[in-house]
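For clarity, every value in this text was computed on a predicted model and none was experimentally measured.
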Amino acid sequence: SLLHQDEWQAGLKALKANTILKLVKALSELKKEAESPENFEDFYLFAFKYCLTEEKQKGVDIESSCELLKIVLGSQFHSQVDSLVEYLKVQKDYKVINKDQWMGFLRFCKEISFPDMANYDENQAWPLILDNFVDWKKEKSSSR
């Protein structure tokens with residue numbers, strides 16, 4: 001849902017951003033705060049939930065998920081996100097990404113060595129979509 005003008009004005013007031021320069025500075029500080037290790041997971045989950053526009057919606061469509069991954073994870077985990085987005089665009093099993101899958105992507109990026117994925121263990125509690133991604137990636141690597 002789009003922000004209403006009063007919400008926008010309240011946000012600007014809370015940031016004490018009454019000029020463009022102050023807004024630019026405030027956004028830069030917010031970005032730093034959101035990207036800090038202690039806040040990032042909350043921010044990452046918020047980004048997903050923000051895309052749930054309908055009341056009972058449980059997932060975000062693949063196209064939006066791909067764009068969102070690029071925005072929120074792309075600068076930190078560029079090669080993982082590029083590969084994951086490539087996979088999401090060619091796979092046919094999933095039309096939406098749910099919260100568990102979304103959070104699994106972040107855990108994957110943080111914990112799994114990439115691109116070799118040597119420490120990926122399918123027997124751990126990973127979402128199936130990540131098992132499929134790893135299989136796809138390994139198949140793609142071996143066919144070169």
Side-chain angles (χ1 to χ4, degrees), residues 1-4 6-17 20 22-144:
S1 65
L2 294 172
L3 285 176
H4 295 291
D6 54 341
E7 291 174 302
W8 176 249
Q9 288 172 331
L12 290 175
K13 192 174 180 182
L15 292 172
K16 297 179 175 66
I20 295 296
K22 286 181 182 177
L23 177 59
V24 168
K25 186 174 185 281
L27 290 174
S28 173
E29 287 168 10
L30 282 173
K31 185 175 189 284
K32 262 189 248 160
E33 193 178 320
E35 288 176 347
S36 72
E38 63 273 10
N39 295 332
F40 186 75
E41 195 167 310
D42 288 341
F43 167 70
Y44 180 77
L45 180 57
F46 167 80
F48 176 81
K49 288 180 174 177
Y50 187 79
C51 290
L52 301 176
T53 52
E54 307 296 320
E55 199 177 319
K56 297 210 186 291
Q57 190 177 343
K58 295 273 190 240
V60 176
D61 67 274
I62 294 293
E63 190 178 338
S64 299
S65 294
C66 289
E67 293 307 312
L68 196 56
L69 281 168
K70 289 182 210 170
I71 293 167
V72 296
L73 278 185
S75 60
Q76 281 180 284
F77 301 104
H78 186 74
S79 54
Q80 291 95 320
V81 168
D82 280 356
S83 286
L84 195 52
V85 164
E86 185 186 350
Y87 168 71
L88 289 173
K89 287 182 176 179
V90 298
Q91 60 80 36
K92 301 281 183 247
D93 299 321
Y94 300 90
K95 297 208 181 325
V96 298
I97 298 301
N98 66 33
K99 184 177 132 194
D100 287 343
Q101 294 163 333
W102 181 255
M103 297 310 290
F105 295 158
L106 177 60
R107 185 178 146 225
F108 179 89
C109 289
K110 286 176 161 182
E111 295 179 13
I112 301 304
S113 59
F114 199 84
D116 71 336
M117 299 177 293
N119 63 336
Y120 186 83
D121 180 0
E122 282 186 13
N123 297 317
Q124 286 188 0
W126 292 105
L128 183 59
I129 195 170
L130 279 166
D131 292 342
N132 297 345
F133 165 65
V134 170
D135 291 344
W136 173 83
K137 185 78 178 146
K138 285 180 177 172
E139 215 171 276
K140 201 172 170 235
S141 297
S142 68
S143 67
R144 283 186 182 157

query: Nearest 0.5 Å, what's the CG-OG distance between Leu84 and Ser79?
result: 11.0 Å
- request: Calculate, to the nearest 0.5 Å, the distance between atoms CD1 and CZ belonging to Ile112 and Arg107 respectively.
  value: 7.0 Å
- request: Measure across Glu33 and Asn39 and return the closest heavy-atom pair with its distance rounded to 0.1 Å.
  value: O-ND2, 3.0 Å
query: Which pair of heavy atoms, one from Phe48 and one from Lys58, lies closest together, and at what distance?
result: CZ-O, 4.0 Å
statement: Separation between CD1 (Ile97) and CD1 (Ile129), nearest 0.5 Å, reads 3.5 Å
Any donor-acceptor pair under 3.5 Å from Tyr120 side chain to Asp131 backbone: yes
message: Does any part of the side chain of Gln80, heavy atoms only, come nearer than 4.5 Å to the side chain of Phe105, both counted from C-beta?
response: no
- request: Apply ring pair (Phe, Tyr, Trp, His ring centres under 6.0 Å) to Tyr50 and Phe46, showing your working.
  value: CA-CA 6 Å; Tyr50 187 79; Phe46 167 80; 5.8 Å; yes
message: I need the minimum non-hydrogen distance between Leu68 and Cys51, along with the two atoms involved.
response: CD2-SG, 3.6 Å
query: Just how far is it from atom CH2 of Trp102 to atom CG of Leu45, taken to the nearest 0.5 Å?
result: 10.0 Å
- prompt: Can you tell me if Gln91 uses its side chain to pair, donor with acceptor, with the backbone of Asp93 under 3.5 Å?
  reply: yes
query: Atom OH in Tyr87, atom NZ in Lys140: separation rounded to 0.5 Å?
result: 12.5 Å
message: So that I know where these two stand, are Phe108 and Phe133 an aromatic pair - ring centroids less than 6.0 Å apart?
response: yes
- prompt: Is there side-chain contact between Phe114 and Lys137, with heavy atoms separated by less than 4.5 Å?
  reply: yes
query: Could you give the distance from CG (Leu52) to CD (Glu54), rounded to the nearest 0.5 Å?
result: 10.0 Å
- request: Verify the neighbour count for atom CD of Gln57: are there more than 12 heavy atoms of other residues, nucleotides or ligands below 6.0 Å?
  value: yes
query: With a 4.5 Å heavy-atom cut-off, do Leu88 and Leu69 have their side chains touching?
result: yes
message: Less than 4.5 Å apart, side chain to side chain, heavy atoms only: is that true for Tyr94 and Ile62?
response: yes
- request: Considering only NZ, NE, NH1 and NH2 on the basic side and carboxylate oxygens on the acidic side, decide whether Glu67 and Lys70 come within less than 4.0 Å.
  value: yes
field: Heavy-atom pair of closest approach, residues Ser75 and Glu35
entry: OG-OE2, 4.3 Å
statement: For Ala26 and Leu15 the tightest heavy-atom approach is CB-CB, 4.1 Å
Which atom of Cys109 lies closest to which atom of Leu73, heavy atoms considered: SG-CD1, 4.1 Å
